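Have a look at the structure below before the remarks.
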Amino acid sequence: MSVFASVLDLLDVPARSAACPGCGADAPAWTRVTVDGLRVLTHDGDVICPRDRNFGAWTQPAPVVSLVRLEVAA
């Protein structure tokens, strides 16, 4: 620890949360990056948050797939 105040101390900037604002995971380096014009929430600039609205994991139930057996007349 330094005897001198840091710039952030002088500016009285509040400390940033270490939790990801999207999923709440412990990600102190979370950031938003621009990908093809979309703002994407990442945990460290590389790992996309699983709850990101643009590129995150599918959070809704998967659509039901119905398989119908077709018989071919001989």
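Every value quoted in this text rests on a predicted model; they were computed, and no experiment measured them. Values below: all heavy atoms of this structure, side chains included; hydrogens, waters and symmetry mates excluded.
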* Tell me, yes or no, whether the heavy-atom count around Asp36 atom CG, taken from other residues, nucleotides or ligands under 6.0 Å, exceeds 12. =>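 Open: at most 12 neighbouring heavy atoms sit under 6.0 Å from CG of Asp36.
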* Side-chain (Thr42) to main-chain (Thr31) donor-acceptor, under 3.5 angstrom ->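 Confirmed, Thr42 side chain pairs with Thr31 backbone.
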Would you mind reporting whether [Y] and [X] have side-chain heavy atoms less than 4.5 Å apart?
X	Y	value
Pro21	Arg51	no
Trp30	Asp44	no
Pro50	His43	yes
Leu41	Cys20	yes

* Asked: Do the side-chain N and O atoms of Arg39 and Thr34 include a donor-acceptor pair separated by under 3.5 angstrom?
  ->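 Looking only at side-chain atoms, Thr34 and Arg39 do form a donor-acceptor pair, the distance falling under 3.5 Å.
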* To the nearest 0.5 angstrom, please state how far the CG atom of Asp52 sits from the CG atom of Leu38. =>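 So the CG of Asp52 and the CG of Leu38 are separated by 9.0 Å.
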